[in-house]
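The structure appears below as structure tokens.
Order of the sequence lines sets the chain letters (A, B, ...), proteins ahead of strands, with each chain counted from 1. No experiment lies behind these values; they were computed from the predicted model shown. Atom set for the values below is all heavy atoms of this structure, side chains included, hydrogens, waters and symmetry mates excluded.
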Amino acid sequence: MKPGIPKGTRDFGPEQVFKRNYIFDNIKAVFVKYGYQPIETPTMELLSTLTGKYGEEGDRLLFRVLKRGDKLAKALQNQPSEHNLAEEGLRYDLTVPFARFVVMNQNELAFPFKRYQIQPVWRADRPQRGRYREFYQCDVDVVGSNSLMYEAELTQIYDEVFTRLGIEVTIKINNRKVLAGIAEAAGISERFGDMTIAIDKLDKIGMEGVRREMQERGIAEAAIATIEQILQAQTLEELKPLLANSATGLRGIGELETVFTFLGTTTKNTVQFDVTLARGLNYYTGCIFEVQARGVQMGSIGGGGRYDDLTGIFGLPGVSGVGVSFGAERIYDVMEELQLFPADAASSLQLLFVTFDALTHQYAFDCLRQVRAAGIHAELYPEPGNLKKQMKYANARRVPYVAVVGETEMSSGQLTLKNMATGEQESLSLEAIVEKML
RNA sequence: GUGGUUGUAGCUCAGUUGGUUAGAGCGUCGGAUUGUGGUUCCGAAGGUCGCCGGUUCAAGCCCGGUCAUCCACCCCA
């Protein structure tokens with residue numbers, strides 16, 4: 001049979017996993033430094049937990065897990081339907097399972113509860129470039145506090161992670177209350193959803209397209225004109241008079257001012273207010289974030305926001321949360337394109353021993369044990385003799401150093417260490433080699 | 001879910017109005033070179049032309065179906 005893997009999934013080879021871990025390790029290190037704790041939740045959730053949380057479109061994209069055994073037989077007899085053939089599904093994101101987790105563990109958790117979670121999620125979407133059916137999300141959230149300090153903290157986390165990875169970014173911030181204020185000012189509060197969906201497409205389709213989109217969604221011409229005018233605002237100061245009649249809008253502006261005050265001028269990357277930032281997910285109620293990589297054509301590589309009542313649906317009302325997500329797959333693509341991975345991110349092997357015969361092979365095996373004990377990532381080619389073959393293997397493994405062990409080396413105890421990048425060779429004792437590697 | 005694109009060697013792709021034994025580059029393997037890789041030279045292996053059916057004396061090429069792929073939309077990371 002011909003081997004294959006499901007649509008929208010991928011295998012990751014050693015080099016890719018090393019590089020992916022480089023990204024995850026940096027992200028985790030920053031999360032932990034800011035006091036966030038890791039949790040993990042099951043791959044499968046009850047469908048009752050998942051359905052209805054992501055809108056109609058999201059429900060369609062849920063992977064459902066077919067019932068098994070007697071339950072399946074029973075369901076098949078009894079008018080089989082999408083609804084009664086499955087009661088479990090694969091997690092669609094990390095936020096809803098997190099909300100469920102918080103509600104179920106509310107008595108054990110200390111609030112504000114700060115958690116991070118790095119796990120794969122599944123969506124039955126049609127795959128495209130940078131879009132898969134199985135992909136990782138790196139979420140960091142804090143629940144149980146209304147403090148805008150956390151909006152500033154999460155911005156600092158973005159700033160620090162991308163600085164560590166060497167990606168220059170623009171962090172855009174807006175506030176859903178500001179958007180609500182715009183709808184209010186335009187007199188179309190009831191069409192808030194349609195308006196934000198249209199505005200969200202601004203980078204992609206331009207102001208012309210946004211206007212057309214709003215027309216098609218049945219927003220009145222006068223309202224569109226008002227909205228268009230407000231969207232010209234570049235700063236919070238410019239926006240204030242435009243939203244003077246909307247209490248909600250002014251509150252949103254106030255929240256943004258507070259966040260910017262917390263931040264001051266301490267960030268390395270550009271953090272800017274962007275009134276045109278909308279974001280689709282409709283559970284956001286306060287500040288919203290989006291991160292754009294500079295110097296590369298790519299969708300957002302991170303996003304998030306505040307949600308006032310995510311746990312309410314699971315029976316715990318009044319718990320506010322704010323969180324952001326890192327798009328690991330896209331970060332990978334950006335780093336690949338800008339060649340930002342350090343050379344040693346792709347391979348962890350530091351040293352390869354090559355030998356000529358059974359005797360030197362035996363000797364090298366003991367050398368191997370010693371350098372490993374010193375913490376060096378090392379390996380010995382299993383077959384002595386053919387030097388050319390061994391050197392080719394060294395290239396394939398992208399090992400930076402090769403130790404040549406022949407009769408002369410064995411008797412003198414001075415191994416020949418070859419730098420594979422420069423081709424230079426020197427005679428060194430095992431101790432000196434270890435010294436050099438560390 | 002809607003509309004389109006492309007399926008030929010491990011990879012990237014040629015392949016004439018349908019006509020004998022389907023090609024190239026890169027990669028792989030072997031040799032030149034039995035104490036040295038990335039360069040060079042020589043040689044070799046590697047293909048049910050995505051799959052099923054149809055038209056034809058004859059199909060990689062035309063037609064239908066199907067699967068896969070990529071792209072746009074929807075939505076999204």
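With a cut-off of 3.5 Å on both Watson-Crick or G-U wobble distances, the partner of C61(B) is given as none. Across all strands shown, U34(B) has no partner, as no Watson-Crick or G-U wobble contact with both distances under 3.5 Å is found. Here A44(B) sits opposite U28(B) as a Watson-Crick or G-U wobble pair (both hydrogen-bonding atom distances under 3.5 Å). In this structure, U17(B) makes no Watson-Crick or G-U wobble pair, since no nucleotide meets both defining distances under 3.5 angstrom.
Residues satisfying the side chain to side chain contact (heavy atoms under 4.5 Å, CB included) test with A394(A), not counting sequence neighbours, are L352(A), V399(A), V402(A), M420(A). Residues meeting the side chain to side chain contact (heavy atoms under 4.5 Å, CB included) test with D203(A), sequence neighbours left out: K172(A).
Between Y381(A) and F353(A), the distance from one ring center to the other does not fall under 6.0 angstrom. The six-membered or imidazole ring of Y158(A) lies near that of F326(A), with a centre-to-centre distance under 6.0 Å. A centroid separation of less than 6.0 Å is found between the aromatic rings of F31(A) and Y116(A). Under the 6.0 Å cut-off for aromatic ring centres, Y92(A) and F63(A) do not qualify, their centroids lying 6.0 Å or more apart.
Phosphate contact (OP1/OP2 of C29(B), side-chain N/O of K389(A), threshold under 4.0 Å): absent.
In this structure, CD of E213(A) is placed 11 Å from C1' of C73(B), rounded to the nearest angstrom. Rounded to an integer number of Å, the gap from CD1 of I288(A) to P of C76(B) is 13 Å. The nearest whole Å value for the distance from the CG atom in D200(A) to the P atom in C73(B) is 13 Å. Going from atom CG of L61(A) over to atom C1' of G1(B) covers 9 Å, rounded to whole Å. Atom CD in E57(A) sits about 13 Å away from atom P in A77(B), given to the nearest Å. At whole-Å resolution of the value, CD1 in I205(A) and P in C74(B) are 8 Å apart. What separates CD of Q137(A) from C1' of C76(B) is a distance of 10 Å, to the nearest Å. Taking atom CD on E329(A) and atom P on A77(B), their separation rounds to 13 Å, with Å as the unit.
Comparing U28(B) with G19(B), their P atoms are spaced 35 Å from each other, to the whole Å. Spacing of P atoms, U2(B) relative to U66(B), comes out at 13 Å, to the nearest Å. Separation of the C1' atoms belonging to G46(B) and A9(B) is 6 Å when rounded to the nearest angstrom. Look at the P atom in both C41(B) and A58(B): the space between them is 46 Å, to the nearest Å. Across C63(B) and A59(B), the matching P atoms stand 16 Å from one another, rounded to whole Å. Taking atom C1' in both A77(B) and U12(B), the straight-line distance is 29 Å, to the nearest Å. Rounded to whole Å, the separation between the P atoms of G27(B) and C73(B) comes to 38 Å. One P atom belongs to A24(B), the other to A14(B), and the distance between them is 16 Å to the nearest Å.
For R126(A) and U2(B), a side-chain-to-base donor-acceptor distance below 3.5 Å is present, hydrogens and geometry of angles not being considered. With hydrogens and angles ignored, no donor-acceptor pair under 3.5 angstrom links the side chain of R131(A) to the base of C71(B).
Ring pair Y284(A)/Y307(A) is tilted by interplanar angle, where 30° to 60° counts as tilted.
The line from CE of M195(A) to CD of E190(A) is 11.0 Å long, rounded to the nearest 0.5 Å. Rounded to the nearest 0.5 angstrom, N174(A) CG and I182(A) CD1 are separated by 7.0 Å.
Considering only side-chain atoms of Y132(A), the nucleotide from A77(B), U69(B), C75(B) that sits closest is A77(B). Each of A68(B), A72(B), G1(B) was ranked by its minimum atom distance to the side chain of R60(A); first place goes to G1(B).
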Extract from the structure each pairing of a protein N or O with an N or O of nucleotides 33-37 of chain B at less than 3.5 Å, listing the distance.
residue: G35(B); atom: O6; partner: T408(A); partner atom: OG1; Å: 2.4
residue: G35(B); atom: N1; partner: E409(A); partner atom: OE1; Å: 3.1
residue: G35(B); atom: N1; partner: E409(A); partner atom: OE2; Å: 3.1
residue: G35(B); atom: N2; partner: E409(A); partner atom: OE2; Å: 2.6
residue: U36(B); atom: O2; partner: K418(A); partner atom: NZ; Å: 3.1
residue: U36(B); atom: O2; partner: Q425(A); partner atom: OE1; Å: 3.1
residue: U36(B); atom: N3; partner: Q425(A); partner atom: OE1; Å: 2.6
residue: U36(B); atom: O4; partner: Q425(A); partner atom: NE2; Å: 3.2
residue: G37(B); atom: O2'; partner: N395(A); partner atom: ND2; Å: 2.1
residue: G37(B); atom: N7; partner: K418(A); partner atom: NZ; Å: 3.4
residue: G37(B); atom: O6; partner: K418(A); partner atom: NZ; Å: 3.4
residue: G37(B); atom: N1; partner: M420(A); partner atom: O; Å: 2.7
residue: G37(B); atom: N2; partner: N395(A); partner atom: OD1; Å: 3.1
residue: G37(B); atom: N2; partner: M420(A); partner atom: O; Å: 2.6
residue: G37(B); atom: N3; partner: N395(A); partner atom: OD1; Å: 3.2
residue: G37(B); atom: N3; partner: N395(A); partner atom: ND2; Å: 3.4

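The residue D125(A) sits close to a base: some heavy atom pair falls under 4.0 Å.
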